[in-house]
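Beneath this line is the structure, given in structure tokens, with notes to follow.
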Amino acid sequence: MSLKTLATSPLSVITFVVLLLALYLRFSIKFDSAQPAQRLFNAEELALFNGTDEGLPILLGILGSVYDVTKGKSHYGSGGGYNHFAGRDASRAFVSGNFTGDGLTDSLRGLSSAEVKSVIDWRDFYSRTYKYVGKLVGRYYDSQGNPTKYLKGVEAKAARGAQLLEKQKTEEAKQPACNSRWSQDEGGEVWCEVGYPRLVQRPLEIAMTGKMSRRCACFEESQLGQTGLELYEGCDYHANRCKA
């Protein structure tokens, strides 16, 4: 059979097409397997994976990202201490500690930048520890799986919280912190190896948490006249050790 006849024969054409199809499927499957799963869930679908059906994996959502936590079945399965997270996105509860009723919600409305950053940190934990399986359509992802303005706003707020936290650490590193200890019998105690213990406000805390807090820092005698320094109740002015 001549080459021309072989090239134009129906059998050869079919064989060639089958070969091309096989090559396409081989490479496309290899390519797809390298990509992360992008399944889109709605709330009703995700609820099916709450650990009550032994035949299904256990899934949870956080900030709209869905993870398979089946390997943590003892915690996330029925009766487990973290089962309230299974089959839903309860992002708020990761920082609020409210695991009942309205507390099991994905809304972060009213949370501080530090709290929102904490939720982002939890999402990062699940990304490192468990298998990512898809996205929950709703507050954080639209019906096409694209991030919503709400998610972008949450991530921007968390980034702001991280910047403030880093700035606070830098500022506080300039003034040494007190040593401290606590025991049930003796209560709390703070002391300075060099300098004198004083309570001082943490101004950046308002921007991060919405509340003003204080910390114990050690000040040299020449600094004790600064405004905003508070002496521990019942402690001598020049004492380097105080009950707290």
Side-chain angles (χ1 to χ4, degrees), residues 36-54 56-143 145-166 168 204-213:
Q38 292 291 316
R39 176 175 175 180
L40 298 179
F41 298 85
N42 60 39
E44 291 73 21
E45 290 170 335
L46 185 59
L48 299 174
F49 300 89
N50 64 358
T52 57
D53 188 334
E54 294 288 337
L56 295 176
I58 303 172
L59 307 182
L60 67 74
I62 179 168
L63 299 178
S65 292
V66 181
Y67 298 92
D68 184 337
V69 296
T70 307
K71 69 178 184 179
K73 183 178 180 180
S74 60
H75 302 295
Y76 297 99
S78 183
Y82 300 137
N83 178 248
H84 39 258
F85 287 119
R88 56 161 57 96
D89 186 331
S91 295
R92 190 184 191 88
F94 281 95
V95 294
S96 70
N98 184 355
F99 305 132
T100 59
D102 294 340
L104 294 172
T105 176
D106 62 353
S107 172
L108 304 188
R109 183 182 298 276
L111 294 185
S112 67
S113 58
E115 291 170 321
V116 172
K117 178 186 178 301
S118 182
V119 179
I120 292 287
D121 291 342
W122 272 110
R123 185 184 64 178
D124 293 344
F125 164 78
Y126 281 98
S127 295
R128 295 191 305 269
T129 311
Y130 295 99
K131 181 181 178 182
Y132 169 79
V133 295
K135 300 172 182 176
L136 176 63
V137 174
R139 191 181 301 275
Y140 297 100
Y141 291 98
D142 64 21
S143 59
N146 299 313
T148 62
K149 290 182 179 179
Y150 192 92
L151 177 57
K152 294 176 182 178
V154 162
E155 292 177 334
K157 189 171 186 177
R160 176 60 176 162
Q163 291 173 351
L164 289 170
L165 181 60
E166 192 61 34
Q168 178 169 276
L204 290 176
E205 198 76 8
I206 293 180
M208 288 191 294
T209 67
K211 302 176 183 178
M212 176 67 79
S213 67

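Residues take their numbers from the sequence shown, with the count starting at 1. In this text, all values refer to a predicted model and were calculated from it rather than measured experimentally.
Proximity of Lys73 to Ile58: side-chain heavy atoms (C-beta onward) are separated by under 4.5 Å at one or more points. Residues Val137 and Asp142 have side chains not in contact (no heavy-atom distance under 4.5 Å, counting atoms from C-beta outward). In this structure, the side chains of Leu151 and Glu155 come closer than 4.5 Å at one or more pairs of heavy atoms. Ser74 is not listed as a side-chain neighbour of Tyr82, based on a closest heavy-atom distance of 4.5 Å or more. A heavy-atom distance below 4.5 Å is not found between the side chains of Leu165 and Gln163. Counting heavy atoms from C-beta outward, Leu46 and Val66 have side chains that approach closer than 4.5 Å. With contacts defined as side-chain heavy-atom distances shorter than 4.5 Å, the pair Tyr141/Leu136 does not qualify. Asn83 has its side chain out of reach of Tyr76: every pair of non-hydrogen atoms, C-beta onward, lies at least 4.5 Å apart.
The closest donor-acceptor contact from the side chain of Lys157 to the backbone of Leu111 lies under 3.5 Å. Although no hydrogens or angles enter the test, the distance criterion places a donor-acceptor pair under 3.5 Å between the side chain of Lys135 and the main chain of Gly145. Side-chain atoms of Arg92 come within 3.5 Å of backbone atoms of Arg109 as a donor-acceptor pair (strictly under, hydrogens ignored). Side-chain atoms of Asp68 never come within 3.5 Å of backbone atoms of Leu59 as a donor-acceptor pair (strictly under, hydrogens ignored). At distances below 3.5 Å, at least one donor-acceptor pair connects side-chain atoms of Arg88 with backbone N or O atoms of His84.
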* List the steps and the verdict of side-chain contact (heavy atoms from CB on, under 4.5 Å) for Val119 and Val154. => CA-CA 10 Å; Val119 179; Val154 162; over 6 Å; no

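Between the side chains of Asn98 and Thr100, at least one donor N or O sits under 3.5 Å from an acceptor N or O. Judged by distance alone, the side chains of Tyr67 and Ser127 do bring a donor and an acceptor atom under 3.5 Å apart.
The two atoms that bring Arg123 and Ser65 nearest to each other are CD-OG, 4.2 Å, heavy atoms only. The shortest non-hydrogen separation linking Leu40 to Ser143 is CD1-O, 3.3 Å. Nearest heavy-atom pair across Ser91 and Leu63 is OG-N, 2.8 Å. The minimum heavy-atom distance linking Gly161 with Lys117 is given by the pair C-CD, 4.2 Å. Contact detail for Ala86 and Leu60: the closest heavy-atom pair is CA-CB, 4.3 Å.
Note that Lys71 lies in the cation-pi zone of Tyr130, set by a 6.0 Å cut-off to the ring centre and a 45° limit from the axis.
Asp121 contributes atom CG, which lies 12.0 Å from atom CZ of Phe94 (distance to the nearest 0.5 angstrom). We find the NZ-OG1 distance between Lys152 and Thr148 to be 8.5 Å, quoted to the nearest 0.5 Å. To the nearest 0.5 Å, the span separating OG1 on Thr105 from CG on Asp89 amounts to 8.0 Å.
Taking the six-membered ring for Trp and the full ring otherwise, the centers of Tyr132 and Tyr126 sit at least 6.0 Å from each other. Aromatic ring centres of Tyr140 and Tyr150 lie closer together than 6.0 Å.
Atom CG of Asp102 has 12 or fewer neighbouring heavy atoms from other residues, nucleotides or ligands inside a 6.0 Å radius.
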